[in-house]
Amino acid sequence: MKIMVAIKRVVDYAVKIRVKPDKSGVEMKNVKMSMNPFCEIALEEALRIKESGLASEVVAVSVGPSQFSETLRTGLAMGADRAIHVEAPENIYPLTIAKILKALVDVEKPGLLFLGKQAIDNDQNQTGQMVAGLLKWPQGTFASKVVLDKEKQVATVDREVDGGIETLCLDLPAVITTDLRLNQPRYATLPNIMKAKSKPIKKFTLQDLNVEIKSDLEVVEVTEPPKRKSGVILSSVDELIDKLKNEARVI
Amino acid sequence: MVTKLYKGHRVIIGSLNLIFLRPVIVSISHMNKIISFDKVSGILVCEAGCILENLIAFLDNQGFVMPLDLGAKGSCQIGGNVSTNAGGLRLLRYGSLHGSVLGLEVVLANGTVLDMLGTLRKDNTGYDLKHLFIGSEGSLGIVTKVSILTPPKLSSVNVCFLACKDYTSCLNLLSEAKRKLGEILSAFEFLDHDAMDLVLKHLEGVRNPFPSSMHDFYVLIETTGSNESYDREKLDAFLLHSMENGLISDGVVAQDITQASSCWHIREGIPEALMKAGGVYKYDLSIPVEKMYDLVKEMRIRLDASAKVVAYGHLGDGNLHLNISTPQYDDNILSQIEPFVYEWTSKNKGSISAEHGLGLMKANKIHYTKSPEAVQLMVTIKKLLDPNGILNPYKVLPPSLFT
């Protein structure tokens with residue numbers, strides 16, 4: 001069985017985000033970009049399944065401008081066997097990404113499609129669900145545990161839901177989106193980084209896949225959250241009561 | 001008598017001692033304002049009580065970095081950093097504070113406010129007095145304001161954590177790194193097997209980059225540059241070459257900032273792990289790098305099984321942190337360590353205090369590193385600036401020289 005993992009390149013989790021002065025989006029110049037942490041978890045899970053002998057190949061795929069191939073290279077250094085880079089502009093919305101992923105699934109025919117539950121840049125949390133819908137495959141979202149049964153061709157997925165764990169049984173092929181607690185992704189080791197240099201990254205264009213970019217969404221404005229005011233230390237209870245009465249007007 | 005308290009870090013070796021009669025402790029933590037920052041030159045002027053981490057955060061917003069960084073950044077103050085000439089993790093790249101501090105305001109023992117708060121990079125008029133106050137541990141005056149040259153923040157940072165089979169490989173790797181990484185090399189830190197073992201045992205949330213095997217030596221290399229793909233190419237070529245030559249036995253390259261931080265956490269967490277492990281005798285030594293690890297080996301033979309000898313430090317700066325960890329403090333063990341460690345360092349032309357200073361506990365040990373003539377001149381300067389001996393008494397210089 002082949003496993004396909006979708007990977008997104010995003011502003012690094014640890015970078016402090018700055019909004020552009022014209023409010024059109026987030027400042028991306030000279031900012032450290034990394035693999036979306038949830039995608040990293042998705043890839044790690046696929047690699048573990050392959051290492052346990054239940055899959056034969058892990059293919060990492062990504063959709064975006066040319067620098068996205070660097071992130072795919074990281075995926076290859078972690079252990080993916082090969083990669084597919086669909087060249088496309090940045091900021092494509094989930095439905096288009098889902099259509100592209102469906103087209104790639106039609107080409108590659110994997111038994112499992114892994115995605116991160118969401119990308120940390122725009123937090124849409126839609127792509128996995130949409131691609132499952134387009135493919136008419138079962139989906140296990142927010143997975144915190146995945147167990148494969150190769151004979152029965154089913155995947156058992158634990159999902160973290162309010163108040164507990166929901167366990168689903170999915171017939172393969174299926175879509176699984178990964179949550180934080182599923183695993184801890186590995187480091188890319190030196191020998192694997194070197195090996196990754198010779199692994200193939202196949203390029204596709206949107207025309208090759210017959211997908212058109214169109215969106216019903218338009219970003220109107222991006223703004224920073226309001227700044228929290230700093231607290232003050234008061235010297236007496238009287239002062240506190242005075243402030244509550246006259247400044248905050250709550251008593 | 002006046003003892004100054006700059007919070008954090010530099011109280012490591014020879015801590016604030018309150019045994020003296022009626023000491024006065026001066027805290028400058030309310031002097032925490034940034035006075036000015038020039039975005040073209042990168043010159044920051046601030047009060048001495050500013051916490052290093054706050055300065056780092058302020059500069060980050062301006063696109064600059066502090067020329068020093070150390071594990072205690074969340075609590076230590078810039079006045080204390082200057083007074084102790086703190087070294088830390090960026091010294092390899094940006095040099096010591098004697099280079100980056102451009103000016104100081106200092107209050108002398110007699111109350112004179114000495115204004116040397118220049119912001120000039122070049123100023124050859126008369127004696128450069130500020131240097132007397134950098135690293136004199138508050139024994140000559142209280143630093144109240146600092147003007148410091150800060151380098152621009154470069155966006156491309158790479159961190160790799162490598163395993164080496166022996167100390168010679170670490171040394172060869174260092175000289176390779178200087179050659180092949182050149183201007184982008186910003187840190188070269190090392191730790192040995194025992195240090196790694198201690199961190200993994202005593203610190204929570206630490207992740208071993210090589211879960212399947214332990215190695216004898218570990219090296220952390222950081223590069224800082226302006227062009228990500230160029231830097232990465234350089235680093236990869238260096239790593240490939242070093243691996244082919246057998247200098248590196250294994251290694252990981254951090255793929256994002258979170259991974260980079262967890263690599264740094266191993267190195268920066270060693271002092272904390274040592275504290276948790278029990279008693280610890282700490283030595284901060286400058287030793288010519290090729291001989292550095294011989295001391296560790298000799299110490300292990302001397303102490304045998306009675307204590308755990310842990311070595312780590314800023315290999316790029318020739319600075320060894322030799323720490324001896326014991327379940328509890330024990331005079332028998334101490335007598336095995338001292339004066340041997342000082343004599344060995346002196347014999348090998350090293351310094352018995354590389355970046356931590358002498359303080360109270362090592363004031364009498366200054367002779368191991370400085371000549372009698374130099375020490376005598378220091379005593380003369382101390383007497384001139386602080387005739388009543390009220391500033392940080394008994395520290396830096398042997399008290400016997402003042403009677």
Side-chain angles (χ1 to χ4, degrees), chain A residues 7-19 27-41 43-44 51 60 66-80 120-121 180 183-198 224 227 230 233, chain B residues 56-57 60-63 152-164 173 205-213 219 221 224-229 231-233 235-244 246-264 266:
Chain A
I7 282 169
K8 186 172 183 186
R9 180 179 164 94
V10 296
V11 173
D12 192 282
Y13 165 73
V15 164
K16 194 167 170 272
I17 298 294
R18 285 196 195 88
V19 173
E27 188 58 72
M28 306 282 272
K29 258 188 239 154
N30 278 330
V31 172
K32 166 83 179 165
M33 305 291 285
S34 300
M35 192 189 294
N36 178 42
F38 293 111
C39 301
E40 225 179 332
I41 293 168
L43 178 57
E44 175 67 34
E51 282 159 2
S66 59
Q67 306 90 312
F68 276 53
S69 60
E70 285 170 32
T71 309
L72 283 173
R73 198 61 76 185
T74 302
L76 294 173
M78 282 174 70
I120 60 165
D121 52 0
L180 200 61
N183 59 46
Q184 186 180 40
R186 66 195 65 190
Y187 288 109
T189 64
L190 274 185
N192 286 339
I193 291 171
M194 300 309 165
K195 258 186 245 161
K197 289 192 187 300
S198 55
E224 277 185 43
K227 282 207 172 67
S230 62
I233 294 173
Chain B
I56 291 172
D60 190 59
N61 277 327
Q62 312 284 329
K153 185 186 164 122
L154 300 173
S155 59
S156 151
V157 177
N158 284 299
V159 171
C160 54
F161 199 87
L162 311 169
C164 296
L173 192 65
V206 167
R207 187 174 166 202
N208 184 358
F210 314 105
S212 51
S213 51
V219 167
I221 296 178
T224 307
S226 53
N227 184 320
E228 181 148 3
S229 52
D231 290 359
R232 194 56 207 262
E233 211 173 285
L235 181 64
D236 280 357
F238 158 74
L239 290 173
L240 179 64
H241 188 253
S242 306
M243 209 160 58
E244 280 169 354
L247 297 180
I248 307 171
S249 35
D250 204 347
V252 297
V253 179
Q255 301 296 325
D256 53 42
I257 300 174
T258 311
Q259 288 188 0
S261 314
S262 44
C263 290
W264 268 117
I266 296 172

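Computation of the quantities below employed the complete heavy-atom set of this structure, encompassing side-chain atoms and omitting hydrogens, waters and symmetry-equivalent molecules. Below, chain A is the first sequence line, B the second, and so on; all start at residue 1.
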Practice item. Please test A:K16 against B:N61 for side-chain contact (heavy atoms from CB on, under 4.5 Å), starting from the C-alpha separation and ending with a verdict. Key: CA-CA 10 Å; A:K16 194 167 170 272; B:N61 277 327; 3.9 Å; yes
Practice item. Apply the test side-chain contact (heavy atoms from CB on, under 4.5 Å) to residues A:I120 and A:Y13: give CA-CA distance (whole Å), side-chain angles for both, the deciding distance (0.1 Å), then the verdict. Key: CA-CA 7 Å; A:I120 60 165; A:Y13 165 73; 3.9 Å; yes
Point to revise | Evaluation steps, side-chain contact (heavy atoms from CB on, under 4.5 Å), between B:V253 and B:Q255 | key: CA-CA 6 Å; B:V253 179; B:Q255 301 296 325; 4.2 Å; yes
Point to revise | Step-by-step side-chain contact (heavy atoms from CB on, under 4.5 Å) determination, A:L43 to A:E40 | key: CA-CA 5 Å; A:L43 178 57; A:E40 225 179 332; 5.9 Å; no
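Taking chain A as the reference chain and counting heavy-atom pairs below 4.5 Å, the highest number among B:G251, B:S261, B:S155 is found for B:G251. The choice from A:K32, A:Q184, A:M33 that makes the most heavy-atom pairs within less than 4.5 Å of chain B is A:Q184.
Residue A:P37 does not touch chain B at all, counting heavy-atom pairs closer than 4.5 Å. Looking at B:L162, the atoms closer than 4.5 Å to chain A (heavy atoms on both sides) all sit in the side chain, from C-beta outward. Both the backbone and the side chain of B:Q259 come within contact range of chain A, each with at least one heavy atom under 4.5 Å from a heavy atom of that chain.
More than 12 non-hydrogen atoms from other residues, nucleotides or ligands lie less than 6.0 angstrom from CD of A:E27.
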